[in-house]
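Every number for a ligand or one of its atoms is a count from 1 in the order of the listing. As a basis for the values below, the full set of heavy atoms in this structure was taken, side chains included, without hydrogen atoms, waters or symmetry mates. What you see is a predicted model, and the numbers here were worked out from it, not measured in a lab.
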Amino acid sequence: MQRIVVLAGGIGGARFLRGLRSAVPEAEITVVGNTGDDIHLFGLKVCPDLDTVMYTLGGGIHEEQGWGRADETFAVKEELAAYGVGPEWFGLGDRDFATHIVRTQMLGAGYPLSAVTEALCARWQPGVRLLPMTDDRVETHVLIDDPDGSGGRKAVHFQEYWVRLRASVDAHAVVPVGAEQAKPAPGVLEAIAGADVILFPPSNPVVSVGTILAVPGIREAIADAGVPVVGLSPIVGDAPVRGMADKVLAAVGVESTAAAVAAHYGSGLLDGWLVDTIDAGAVPAVEEAGIRCRAVPLMMTDEQATAQMATEALRLAGEVRA
Ligand code: GDP
Ligand code: CA
């Protein structure tokens with residue numbers, strides 16, 4: 001049986017995983033999920049990327065939106081707003097609230113996030129093993145110009161930058177606060193060491209995959225695993241397919257091109273890289289950097305197209321192995 005490890009963010013990671021699962025239904029897939037986006041709201045621990053993966057693979061996702069629950073209502077949010085209690089910019093629906101209540105209750109009882117995630121997945125049956133990158137608290141912060149006009153800079157939580165400010169101002173730096181002290185969650189290093197192939201889905205290279213790689217030990221374990229590591233570009237035609245990855249790429253000095261993202265990961269980590277057919281011109285530059293590269297369609301328009309992307313990634317892994 002093929003053992004596949006995938007480092008995943010939210011929407012891009014989750015949609016890719018759905019295609020991967022359908023391309024290789026017999027494979028044992030372990031997902032290492034980003035928790036740098038986690039935030040405490042209304043006294044509750046919210047893990048947006050873990051939940052997006054869990055809901056997407058479990059059939060509970062709001063398809064068009066890509067995050068949150070299908071058939072959602074917002075009574076609790078409206079009641080909180082009536083008390084003047086915010087933030088109003090973060091959309092938590094009633095069904096979603098239940099997940100965060102269960103999670104927070106279990107954490108309060110002393111269970112680590114990895115055990116809580118496993119318990120939540122017992123309901124959703126995502127068909128993959130979903131592990132948080134760490135059980136420790138890590139929160140991605142973004143450094144922006146202070147809007148108070150003082151000329152200084154200020155750090156805001158990633159969700160405030162992304163959701164409230166919609167990445168409308170420049171990001172000067174992206175800092176995964178707490179990552180340096182964090183330990184990989186139980187099972188993460190074991191899954192990487194036991195993998196036949198490791199995939200980077202078209203997730204955000206900075207605030208999703210980059211944050212996972214910032215947990216000491218994970219990057220090293222991947223580089224030392226001695227198995228093919230293949231990534232798929234989230235940048236198509238020199239722009240993110242959705243979201244604002246260009247803003248956080250600029251913060252780390254990386255151009256928003258498929259080739260620049262491959263170089264950012266580097267040949268020390270990546271063996272293979274898939275770019276979209278529209279970026280076929282980037283293939284020679286990536287190969288010169290020591291990373292095997294192919295141009296194939298990379299738009300996750302439906303599950304079948306996404307499964308084809310996963311098949312291409314596994315084929316490239318087979319090529320670099322040989
Ligand atoms: P987030 O945590 O919800 O932002 O999700 P991820 O980090 O997992 O994925 C975000 C990235 O997915 C963005 O940078 C998008 O460019 C990328 N993305 C979304 N849809 C597609 C698609 O259909 N094809 C490709 N190649 N990338 C995509
Ligand atoms: Ca995310």
> Which of the numbered atoms in ligand 1 are below 4.0 angstrom from a heavy atom of G13?
Replying inline: 8 (O)
> Counting heavy atoms only, which of I11, N34, T211, V261 is nearest atom 5 (O) of ligand 1?
Replying inline: I11
>> Tell me whether R321 is salt-bridged to D271, with the criterion being a basic N under 4.0 Å from an acidic carboxylate O.
In response: no
> Which part of V236 is near ligand 1, with near meaning a heavy atom under 4.0 Å away: side chain, backbone, both or neither?
Replying inline: side chain
> Under 4.0 Å between a Lys/Arg side-chain N and an Asp/Glu carboxylate O for E312 and R294?
Replying inline: no
> Considering only heavy atoms, does S208 approach ligand 1 within less than 4.0 Å through its side chain, its backbone, both, or neither?
Replying inline: side chain
>> Could you measure the distance from the CG atom of N34 to the CZ atom of F158? Nearest 0.5 Å is fine.
In response: 8.0 Å
>> Which of the numbered atoms in ligand 1 are under 4.0 angstrom from any heavy atom belonging to A245?
In response: 14 (O)
> Just going by heavy-atom distances, which of V248, D37, V241, V275 is nearest to atom 20 (N) of ligand 1?
Replying inline: V241
> With a 4.0 Å cut-off, would you call R137 and E139 a salt bridge?
Replying inline: yes
> Can you tell which part of P240 has a heavy atom less than 4.0 Å from ligand 1: side chain, backbone, both or neither?
Replying inline: both
> Does E118 CD have over 12 foreign heavy atoms under 6.0 Å away?
Replying inline: no
> Taking atom 11 (C) of ligand 1 as the point of reference, which of P202, P201, A14 owns the nearest heavy atom?
Replying inline: P202
>> Can you tell me how far apart NZ (K45) and CG (L113) are? Round to the nearest 0.5 Å.
In response: 6.0 Å
> More than 12 non-hydrogen atoms from neighbouring residues, nucleotides or ligands closer than 6.0 Å to CG on L41, yes or no?
Replying inline: yes
>> Residue-level breakdown please: for D49 versus ligand 1, do any non-hydrogen atoms fall below 4.0 Å on the side chain, on the backbone, on both, or on neither?
In response: side chain
> Can a salt bridge be assigned to the pair E190 and R129 using a cut-off of 4.0 Å between side-chain N and carboxylate O?
Replying inline: no
> Would atom 8 (O) of ligand 1 count as contacted, meaning some protein heavy atom under 4.0 Å?
Replying inline: yes
> Are T52 and ligand 1 in contact, using a heavy-atom cut-off of under 4.0 Å?
Replying inline: no
>> Could you check whether any heavy atom of S233 sits closer than 4.0 Å to an atom of ligand 1, since that is the contact criterion I want to use?
In response: yes
>> Between D145 and H172, is there a side-chain heavy-atom distance shorter than 4.5 Å?
In response: yes
>> When you measure from the centre of the six-membered ring of Y55, is the NZ or CZ of R69 closer than 6.0 Å and no more than 45° off the axis?
In response: yes
>> I'd like the name of whichever of M300, M309, R242 reaches closest to atom 22 (C) of ligand 1 through any heavy atom.
In response: M300
> When you measure from atom 2 (O) of ligand 1 to every protein heavy atom, which one gives the shortest distance, and what is it?
Replying inline: G10 N, 2.8 Å
> So which heavy atom in the protein is nearest atom 24 (N) of ligand 1, and how far is it from that ligand atom?
Replying inline: L298 O, 2.7 Å
> For atom 10 (C) of ligand 1, which protein heavy atom lies nearest, and how many Å away is it?
Replying inline: N204 N, 3.8 Å
> Among the N, O or S atoms that D37 has, which is closest to the Ca ion (ligand 2)?
Replying inline: OD2
